Amino acid sequence: MCGIVVYVGSKQASPILMKGLKRLEYRGYDSAGIALLNKNVRVFKSKGKVADLEKHIAGQNLEATVGIAHTRWATHGEPNNINAHPHYSQSKELAIIHNGIIENYDSLKKELVNRGYVFESDTDTEVLIYLIEDIQKNEQVDLFEAVRIALNQVIGAYAIVIISKNEPNVLIGARKGSPLVIGVGEGEYYIASDASPIIEYTKHVVYLEEEEVAFVKLNHPLKIKTIKNQEKTPYIEKLEMNLSELEKEGFEHFMLKEIYEQPRSIRDSFRGRLNLEQGIVNMGGINEYEQKLLNARRIIIIACGTSWHAGLVGEYLFEDLARIPVEVEYASEFRYRNPILTEDDVVIAISQSGETADTLAAIELAKSKGATILGVCNVVGSSIARAAHAGAFTHAGPEIGVASTKAFTAQVTVLTLMALALAQRKGTLTSTRFMEILTEINSIPEKVEKTLKTSQQVIEIAEKFKDVRNFLYLGRGYNFPVALEGALKLKEISYIHAEGYPAAEMKHGPIALIDADMPIVFIATNKGTYVKVVSNILEVKARKGIVIAIVTEGDIQVKELADYVIEIPETEEMLVPLLATIPLQKLSYHIAVMRGCNVDQPRNLAKSVTVE
Ligand code: G6P
C-alpha cells in the first residue's frame, strides 16, 4: 500500500525514480510525486497515475543525484495534488514520503498548530515532517536524531524516507509496520517499499526491522539504530529475484501473464518437496514444527482476501486428509474478537505479500497467547514471513496484478502438501491412496496448461455477459472456496457485482435473485457432491436462470442442462480448485478488458494492504 522509491548516488535520480514508481504502481495509484535535492529540495506531484506525474514533470529541469518518490493509496485526505507525497516541512528544507498511518496525528497536529505551524494538506504525513523539523530546531540535533526522537512520539505505522537541504547525500529511513528495504550498490544507495524497483541495479539489500531508523550517506557505510537508540549491525542479504519476473514479457497485462504462469508457479511450489520416487512429501521449512502440528488441538488459518479463500481450501484439506480440526478466520475479525488461544494451537497465516496489516496484527496476538505460528507467504523477507516461527514459501514469483491469481494456486499447492505430509505421518491415508494423490499433484501443471487452452469458450461467455449487473457463483465442498474466489475476481477487476455461495445455500436467499437475465456460474465437477449440484442446477433452470458450468471433461449430465460449459481435465477431488479456478480467472479478466477496466490496477484497490 503506497510505493516508495529513493536514490542517492552519482547517476541522475529522476529516471531511476520514475521507473521505480512504475514498478511500484501496483501498490497504490491515486497520486504520485517526487522530491529532488540539488541545492534546494524541489517537490513535483500530481493526482492520478505515474503517467500523469510524467506529463507534469516533462520539460522541467530535473537535475539531481538525490531524490525520493512516492505513489499513493489515500488514507488521510482525498487523492489530490496537495495531499500527494512528498510533503515539505514548514521551512521547505526537508521533504518526506510515508507509507502507513500516524494514528495520533490529530493530537500532534493540535500541538503544532498551537505553536504557530500552518498546514497545507490534510495528511498525517505532513504532521510528522513538521514535528521532525520542530524537534531538530528546538533540540539542536541532527536529522537522524530528530527523526528518532519524533518516532518515539508517534503511534501508528510507517515506512518513511526524508531528505534535507542541509544534509545533501543523506537519506533517513525508518519503518514500523510497513516494509522498507535498502539497496546497497557500488557508490549508491536505493530505498524502496519492496525490492522490485531496486533489483535491476543491485541484488544486495538490507531489510529494516520494526522500529529501526537508517542513516544512509553516500560513500559511507550504512548506520542503523532503533528508535530506542540501540545501535544495530546492518545485515546485507542477496536477493534471488530476476528482473524478467517483473516485466510483462509480451502479455497485455500482468494479470494475464500471471494466469499463464500457473503451470510453472504450481510446479515451483511443489518442486523439491514432493518426491515421487521415495513416496514422500518433505516440507523443509516446517519439519521442526511437524510434531506440534500433529499434536495440535486445532489449526487456525488466518488470512485476508484471496489468501483467505486459499485458507478455506486448506480447511477442507487438513480435515479431509490429515483429520486435524481447522478454523479459518478473517485476520481483521480474529484480531479484535478476543479469541481463545492456547499453546496447543497452531496458527497458519497465509499471505501473498507478507505485509497485510491485519494478518500481521493477528499473528502478534496469537503469538502473545503462546500459539505456534507458521507462515505461508510468497514474498521472501516479508514482515509476516519473519514474524512467523517457521513456514513454507509459495515460490509463485512476484505477483504484480492487483487481483491475485498465481499466488492463490501456489498457496493451495503448499497447503495440499502440508496436509499430505501430516496425513502420511499420522497414517490417516493408506499408502496407495497417498501415492495416488502425490502422482496426481505431479500432473497438475500439465492439466493447468490444458485448462489454459479454453480461451475461446471463455471469450464467448465474456462477450455475452460483459454488460450484466450481477453474477452468482456456486459450488460445494472443495468447490465452494472456488466459487468465492471466482466472484471476488470478477468484482475486483470488472466492478460487476458478484457473489459466491455454497450451492445448497442458494435456496436460503440468492434464489430470489434468479431470473432470465442472471448468469450463474456452477463449479460442477464430477466428484464429491456432483449429484447434489446437478439438483441445484435444475432448481436454477426451473427459474429460467442462465447456467455457465465448469465441468469435468466427458461430462454428460450437466452439459445437457447448462447454457454454457467449460471443461477442465479430470483430477482428484481435492485438487479440483487448482484447475477450476483458472477459467474463472480468465472469465473475469476478459470481461474486465471488454468493459475497458484497468485490469492490473482496479479502482480503489491495492496489492499490499499495509493499513488496517
Ligand atoms: C489485497 C489484495 C488481494 C489479496 C489481499 C490479501 O486486498 O488486493 O489480492 O488477496 O490483499 O493480501 P495478502 O498479500 O495478505 O495475500
Side-chain angles (χ1 to χ4, degrees), residues 1-3 24-30 73 75 99 177-179 193-194 196 253-255 258-259 265 269 301-314 328-335 347-363 373-388 391-394 396-412 414-415 481 484-495 500 581 584-585 588-589 592 597-612:
M1 191 149 278
C2 301
L24 285 173
E25 209 170 11
Y26 71 93
R27 297 179 67 97
Y29 33 77
D30 57 43
W73 187 89
T75 56
N99 292 354
S178 196
S193 40
D194 67 44
S196 57
H253 296 99
F254 277 111
M255 182 180 175
E258 287 156 6
I259 289 174
S265 53
S269 300
I301 297 180
I302 49 173
C304 303
T306 290
S307 298
W308 186 81
H309 295 157
L312 277 187
V313 181
V328 189
E329 304 263 4
Y330 286 113
S332 53
E333 284 301 308
F334 181 80
R335 63 181 288 198
V347 170
I348 301 180
I350 307 174
S351 174
Q352 186 287 126
S353 63
E355 302 296 346
T356 304
D358 282 320
T359 311
L360 201 51
I363 290 176
I373 319 291
L374 303 178
V376 175
C377 293
N378 195 37
V379 178
V380 178
S382 58
S383 305
I384 292 174
R386 287 183 297 154
F393 285 107
T394 43
E399 192 179 64
I400 310 289
V402 166
S404 186
T405 52
K406 64 174 179 172
F408 174 79
T409 46
Q411 287 162 346
V412 171
V414 167
L415 292 167
L484 293 181
E485 179 56 11
L488 178 64
K489 280 302 82 102
L490 188 69
K491 66 186 143 204
E492 276 179 318
I493 61 169
S494 75
Y495 319 137
T581 311
L584 303 185
Q585 294 168 344
S588 57
Y589 172 80
C597 301
N598 186 336
V599 172
D600 283 335
Q601 293 164 357
R603 72 180 177 212
N604 304 340
L605 296 179
K607 183 73 187 155
S608 164
V609 183
T610 53
V611 294
E612 62 167 293

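All values derive from a computational prediction rather than experimental measurement. Counting convention: from 1, in listed order, for ligands and their atoms alike.
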Please test K607 against I400 for side-chain contact (heavy atoms from CB on, under 4.5 Å), starting from the C-alpha separation and ending with a verdict.
CA-CA 8 Å; K607 183 73 187 155; I400 310 289; over 6 Å; no

Specify side chain, backbone, both or neither for I384, according to which of its non-hydrogen atoms lie closer than 4.0 Å to ligand 1.
neither

Where does the angle between the aromatic ring planes of H253 and Y589 fall among parallel (under 30°), tilted (30 to 60°) and perpendicular (over 60°)?
perpendicular

Under the rule for salt bridge (Lys or Arg N to Asp or Glu O under 4.0 Å), what residues qualify as partners of D358, not counting sequence neighbours?
R335

Write out the residue and atom name of the closest protein heavy atom to atom 8 (O) of ligand 1, then the distance separating them to 0.1 Å.
A606 O, 2.9 Å

If we ignore hydrogens and angles and just use 3.5 Å, is the side chain of Q601 paired with the main-chain N or O of V402 as donor and acceptor?
no

Check A303 against ligand 1 and report side chain, backbone, both or neither, counting heavy atoms closer than 4.0 Å.
neither

Show the atoms of ligand 1 that are less than 4.0 angstrom away from any heavy atom in S307.
10 (O), 13 (P), 16 (O)

re atom 12 (O) of ligand 1, the protein heavy-atom contact at minimum distance is T356 OG1, 3.3 Å

Side chains of K406 and T394: is there a donor and an acceptor less than 3.5 Å apart?
no

State if A407 counts as touching ligand 1 under the rule of any non-hydrogen atom under 4.0 Å.
no

Atoms of ligand 1, numbered as shown, that sit under 4.0 Å from any heavy atom of S404
9 (O)

Backbone of E355 reached by a side-chain donor or acceptor of T359 within 3.5 Å
no

Go through ligand 1 atom by atom and flag the ones less than 4.0 Å from a non-hydrogen atom of S351.
13 (P), 14 (O), 15 (O), 16 (O)

Starting from atom 5 (C) of ligand 1, which protein heavy atom do you reach first, and at what distance in Å?
C304 O, 4.0 Å

Checking contacts here: is it the side chain or the backbone of V609 that comes within 4.0 Å of ligand 1, counting heavy atoms only? Could be both or neither.
side chain

Which of the numbered atoms in ligand 1 are under 4.0 angstrom from any heavy atom belonging to V402?
8 (O), 9 (O)

Does an N or O anywhere in I350 fall below 3.5 Å from an N or O of ligand 1?
no

Any side-chain to backbone donor/acceptor pair from S588 onto Q585? Under 3.5 Å, distance only.
yes

Would you confirm whether N378, through its side chain, and G397, through its main-chain N or O, come within 3.5 Å as a donor-acceptor pair?
yes

Numbered atoms of ligand 1 (with element) below 4.0 Å of T306, judged on heavy atoms
10 (O)

If we only count N/O pairs under 3.5 Å, is Q352 in contact with ligand 1?
yes

Can you check side-chain contact (heavy atoms from CB on, under 4.5 Å) on Q352 and Q411, steps first, answer last?
CA-CA 8 Å; Q352 186 287 126; Q411 287 162 346; 4.2 Å; yes

